[in-house]
Number of protein chains: 2
Amino acid sequence: MESSSTTPGGSARREATRQKLYEAAVTLIAEQGFSATTVDEIAERAGVAKGTVYYNFASKSVLFEELLRHGVGLLTASLREAAERTAGEGRGKVDALDAMIRAGLVFIDRYPAFTQLYVAELWRTNRAWNSTLLVVRQQAVAVVEGVLHEGVATGELSEEIDVPLTAAALVGMVLVAALDWKSFQPERTLDDVHAALSRLLQGRVSGRP
Amino acid sequence: MESSSTTPGGSARREATRQKLYEAAVTLIAEQGFSATTVDEIAERAGVAKGTVYYNFASKSVLFEELLRHGVGLLTASLREAAERTAGEGRGKVDALDAMIRAGLVFIDRYPAFTQLYVAELWRTNRAWNSTLLVVRQQAVAVVEGVLHEGVATGELSEEIDVPLTAAALVGMVLVAALDWKSFQPERTLDDVHAALSRLLQGRVSGRP
DNA sequence: TTCTTTGAACTGACTGGTCAGTGCAAAAGT
DNA sequence: ACTTTTGCACTGACCAGTCAGTTCAAAGAA
């Protein structure tokens, strides 16, 4: 059922080639942007002939779209897993949000290039892969919104919060803090960054009495 | 001896042309990205011949760099003004942060395309204007960091907060929430969005007892 | 006032290079 | 047998940047 539209019966070899191409493309596009990255570069970095790129993907844009789907799929699964894990442990929704923040940080730590590329493309309009992007964004944000809704329902979160906006704000908080971490203070530990964001989430910014 | 990059003695006419080029470039690049936007497009949208672009700017990249400097200059001024205004009114640092959040929203409301373009480029490496971007980013973030530092000094904010990370997280919160607002729920009012972010800043997310 | 000069500002056709995508025969892998 | 990859030559569109020539407002000359 799963597996994307254009991956009907990928042999193991083919799948390995695709993976190499994803990895090559993601770093190059993160650094330079989609248009500034050439297919020749991608092929070279992947250690593959140019013809192979076109044997495996219909076009440069399609390669990129599938890359987006693939990456956001990983992120969504990771967020969902974090939310469900804390739920299973019978902890509150704020803990679930905190766990999702951590999951987000772990993801960005592992795939910084993908994150960068995703942010760079997310608010662009007029591009070929725009509809793909919308779908894929909704998948990820929906997980956060879901937890917020549940929190409001159980009374753990204020009824007055604006779910979509708060979800976006939380995602932004994690995204930007993490990208800053990776770009400008890579020596910091994940725990460090997580602690700072937890504090913000739980309103422990003001000084104690 | 060209007139150097920083526009020392631009005539009124020249300045008007530059302004038109900025406006044309900012929307096109926000929509399509830098590399996907052609100089011909920029010239056409500005109602100017291609040669004029090169008469006014040394290259496409230089046009873009000056655009970045120009835009971030406006933002920084606006943030600083908000911080100083609340300080003058003798209010606390949390109020100053809140005022800066609003100033950020007002800016994004007025210049959504610039914001979009800025976010898309901010974490890219290996690009010509990278050093410009670093400088310009630091200017803006420094204003937020300054207020956080003052808040810690006066005891109004916890000593345990991590100033650079918290500043980045706050910026991210505003940036992403605002871009989402503009892209996906443009019917919302600024006050609405501001209220949601205020709540998050002040830890009023958990339900009341 | 009316004419002339000056140079900054602007124009757009043109050039040289780049790049996505193609085609295909031979090789390698399964 | 068949799928997949290779290597490489080729094309056609597209695009950053150039440059010889044009416009025009304003300063000065008559």
Side-chain angles (χ1 to χ4, degrees), chain A residues 3 6-26 28-29 31-68 121 126-129, chain B residues 1-29 31-68 117 121 126-129:
Chain A
S3 111
T6 19
T7 317
S11 72
R13 180 148 85 123
R14 236 187 138 168
E15 207 44 59
T17 308
R18 284 185 132 103
Q19 195 62 40
K20 280 195 291 183
L21 285 168
Y22 283 155
E23 272 159 33
V26 81
L28 287 168
I29 296 178
E31 281 168 6
Q32 306 177 325
F34 176 82
S35 306
T37 302
T38 68
V39 174
D40 291 276
E41 276 178 311
I42 295 173
E44 190 189 351
R45 163 105 43 130
V48 139
K50 187 179 183 177
T52 305
V53 176
Y54 284 93
Y55 183 77
N56 282 282
F57 298 96
S59 68
K60 185 186 172 188
S61 309
V62 168
L63 162 57
F64 184 58
E65 274 185 69
E66 302 210 358
L67 178 57
L68 281 175
E121 291 297 331
N126 297 358
R127 305 224 76 174
W129 50 83
Chain B
M1 296 332 130
E2 241 302 309
S3 71
S4 81
S5 49
T6 27
T7 323
S11 74
R13 191 180 174 197
R14 219 177 157 173
E15 206 45 57
T17 307
R18 285 184 131 104
Q19 195 62 39
K20 280 194 292 182
L21 285 169
Y22 282 154
E23 271 158 33
V26 81
T27 53
L28 287 168
I29 297 179
E31 281 168 5
Q32 306 177 322
F34 175 82
S35 306
T37 301
T38 68
V39 174
D40 289 277
E41 277 177 310
I42 295 173
E44 190 190 350
R45 165 106 40 132
V48 138
K50 186 179 191 175
T52 305
V53 176
Y54 286 94
Y55 182 77
N56 283 282
F57 299 96
S59 68
K60 187 184 171 189
S61 310
V62 167
L63 162 57
F64 184 58
E65 274 184 68
E66 301 210 359
L67 179 57
L68 280 175
L117 159 174
E121 290 298 332
N126 298 354
R127 307 225 77 174
W129 50 83

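From a predicted model like this one, the values you see are computed outputs, not experimental measurements. By convention in this document, chain letters (A, B, ...) are assigned in the order of the sequence lines, proteins followed by strands, and residues within each chain are numbered from 1.
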Contacts of type ring-ring contact (aromatic ring centres under 6.0 Å, His included), residue A:F57, not counting sequence neighbours:
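Residues passing ring-ring contact (aromatic ring centres under 6.0 Å, His included) with A:F57: A:Y22.
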Distance, rounded to the nearest Å, where [X] contributes [atom1] and [N] contributes [atom2]:
X     : N      : atom1 : atom2 : value
A:E15 : D:dT5  : CD    : C1'   : 16 Å
A:K20 : D:dT6  : NZ    : C1'   : 12 Å
A:F57 : C:dT22 : CZ    : C1'   : 18 Å
B:I29 : D:dA16 : CD1   : P     : 11 Å
A:R14 : C:dG29 : CZ    : P     : 18 Å

Just jot down the side-chain hydrogen bond (donor to acceptor under 3.5 Å, both in side chains) partners of [X], sequence neighbours excluded, or say none.
X     : answer
B:S59 : none
B:S35 : B:R127
A:T37 : A:Q32

Can you list, by residue number, the residues of residues 45-55 of chain A that have a non-hydrogen atom closer than 4.0 angstrom to DNA chain C?
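Contacts with DNA chain C under 4.0 Å: A:K50, A:Y54.
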Are B:N56 and B:V48 packed together at the side-chain level, in the sense that at least one heavy-atom pair is separated by less than 4.5 angstrom?
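With C-beta onward as the side chain, the pair stays apart.
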With B:E65, which residues qualify under salt bridge (Lys or Arg N to Asp or Glu O under 4.0 Å), at least two apart?
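With neighbours one apart ignored, the set is empty.
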Listing request: all salt bridge (charged side-chain N to carboxylate O under 4.0 Å, His left out) pairs with a residue in residues 41-53 of chain B, at least two apart in sequence or in separate chains.
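Of all non-adjacent pairs touching residues 41-53 of chain B, those that pass salt bridge (charged side-chain N to carboxylate O under 4.0 Å, His left out) are B:D40-B:K50.
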Hey, can you pull the residues of residues 32-40 of chain B with a non-hydrogen atom under 4.0 angstrom from DNA chain D?
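Under 4.0 Å from DNA chain D: B:T37, B:T38, B:V39.
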B:T17 side-chain N/O to C:dA9 phosphate OP1/OP2 under 4.0 Å:
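For B:T17, the contact criterion (side-chain N or O under 4.0 Å from OP1 or OP2 of C:dA9) is not met.
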Taking the six-membered ring of A:F34, is the NZ or CZ of A:K60 close enough (under 6.0 Å from the centre) and on axis enough (within 45°)?
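Relative to the ring axis of A:F34, which defines the angle, A:K60 lies inside both limits.
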